[in-house]
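A short worksheet on the structure shown next.
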Amino acid sequence: MKQLAEKSGQEQQPEITPKAEPISAASKRNTTAIIFNKVETVEERYVDKIQKKMNKKQRVKGQITPLTGKNYKQLLSRVEARKAKVEFTQLAAAYNTVNLGQGFPDFSPPKFVTEAFCNAVSGGALMHQYTRGFVSGFIYILVTVGAYQALFSAFQALIDEGDEVIIIEPFFDCYQPMVMMAGGKPVYIPLRPKVEGGAVRSSGDWVLCPDELASKFTPRTKAIVINTPNNPIGKVYKTEELQMIADLCVKHDVLCISDEVYEWLTYDGAKHVKIASLPGMWERTITIGSGGKTFSATGWKVGWAISSGHIIKHMKTIHQNTVYHCATPAQVNTSLLVLLS
Ligand SMILES: Nc1c(O)cccc1C(=O)C[C@H](N)C(=O)O
Ligand SMILES: O=CC(=O)O
């Protein structure tokens with residue numbers, strides 16, 4: 001890419017003289033003007049279009065500046081980051097291993113869920129394009145294209161170049177590339193067996209070492225990502241464990257991105273606790289949920305992020321300028337199901 005850019009940078013471009021006379025916007029317009037979201041497009045005469053295209057091609061070609069140094073490195077690391085998830089999936093396929101990184105339920109959604117979807121599809125709201133946002137007192141909810149896009153919006157909105165983000169291993173595979181695509185630096189900490197060298201009988205025997213976790217917080221730490229119940233090991237964090245993480249977040253003024261897509265899948269008496277409910281955590285936590293995981297319908301791609309207004313407003317900006325909105329029937333349906341349950 002760099003060589004290509006350098007090459008084209010060295011090329012001498014001929015002077016271009018536009019052939020067509022400049023035409024005013026009014027005279028360009030024929031009878032149709034399409035106005036969509038404040039962007040006005042006009043139909044142009046065919047010949048103007050070709051000329052414009054040629055001019056643009058020449059302009060772009062002549063102005064490419066080779067990327068060097070810091071910019072080039074940053075661009076490369078962001079491009080590389082996108083490959084991480086693909087490699088993970090390919091390795092699992094190549095070695096024929098069970099891929100615990102992916103959460104696709106292998107059973108169909110219950111009948112009331114599919115029926116509700118059919119009702120939403122046959123309703124009258126299909127032409128609307130908007131994303132449902134909910135505010136209830138101080139609780140702000142942004143509906144997203146799956147929990148995946150809630151995570152993406154959170155990283156893009158809140159992580160700046162060089163910010164450190166603590167990620168607990170083992171982790172769901174997209175955290176790392178998403179942090180890097182936002183320009184952040186992942187800082188890893190592993191869950192370790194509760195008793196060093198001792199047997200691990202259940203996922204609860206994998207724990208964080210408090211001193212080790214404390215040592216990962218630096219002045220550059222912007223956020224920590226937690227996932228409870230955890231994918232892939234199924235650990236459901238206990239209140240004391242969450243409190244230990246919360247204390248460090250409050251002490252260092254750090255955000256917490258809490259991926260809770262499996263909140264309804266707890267077994268053997270384990271109780272799911274939301275870290276956002278602990279003192280001092282509400283205003284710094286983004287809680288992420290998934291309609292797909294909750295209702296066994298991952299293909300609907302409806303998820304959400306819950307937080308306070310000062311955080312959700314930035315995520316909303318990212319959401320609006322990437323996907324713009326989620327499929328209306330899927331949103332309507334999921335919100336109804338959430339209310340019912
Ligand atoms: N497991 C997920 C999570 O913790 C957060 C967000 C999304 C997921 C997912 O599993 C999404 C989906 N199965 C995928 O990997 O594309
Ligand atoms: O799997 C779906 C999602 O919420 O992302």
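Counting convention: from 1, in listed order, for ligands and their atoms alike. Quick caveat: nothing in here was measured; it's all calculated off a predicted structure.
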*Determine, step by step, whether Ile226 and Asp259 satisfy the side chain to side chain contact (heavy atoms under 4.5 Å, CB included) criterion, reporting the C-alpha distance in whole Å, the side-chain angles of both residues, the deciding distance to 0.1 Å, and the verdict.*
CA-CA 6 Å; Ile226 66 165; Asp259 176 357; over 6 Å; no

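In the vicinity of Leu151, heavy-atom distances shorter than 4.0 Å reach the ligand 1 atoms 5 (C), 6 (C). Heavy-atom proximity to Lys293, at under 4.0 Å, picks out these atoms of ligand 1: 1 (N), 8 (C), 9 (C), 10 (O), 11 (C), 13 (N). Below 4.0 Å from some heavy atom of Val261 lie the following atoms of ligand 1, by number and element: 3 (C), 4 (O), 5 (C). Residue Asn231 approaches ligand 1 through these ligand atoms, each under 4.0 Å from one of its heavy atoms: 1 (N). In summary, the atoms of ligand 1 found under 4.0 Å from a heavy atom of Ala147, numbered by their order in the structure, are 6 (C).
Closest heavy-atom approach to atom 1 (N) of ligand 1 among the candidates Tyr262, Phe171, Tyr148: Tyr262. Checking Thr298, Asp259, Asn227 against atom 3 (C) of ligand 1, the nearest heavy atom belongs to Asp259.
Atom CD of Glu241 and atom CG of Leu213 lie 11.0 Å apart (nearest 0.5 Å).
Contact annotation: for Asp173 versus ligand 1, there are no heavy atoms closer than 4.0 Å.
For the pair Asp160 and Lys222, the salt-bridge criterion is met [side-chain N within less than 4.0 Å of a carboxylate O].
Between Phe138 and Trp282, the ring center distance clears the sub-6.0 Å criterion.
The number of heavy-atom neighbours closer than 6.0 Å to CD of Glu169, taken from other residues, nucleotides and ligands shown, is above 12. The number of heavy-atom neighbours closer than 6.0 Å to CG of Asp268, taken from other residues, nucleotides and ligands shown, is 12 or below.
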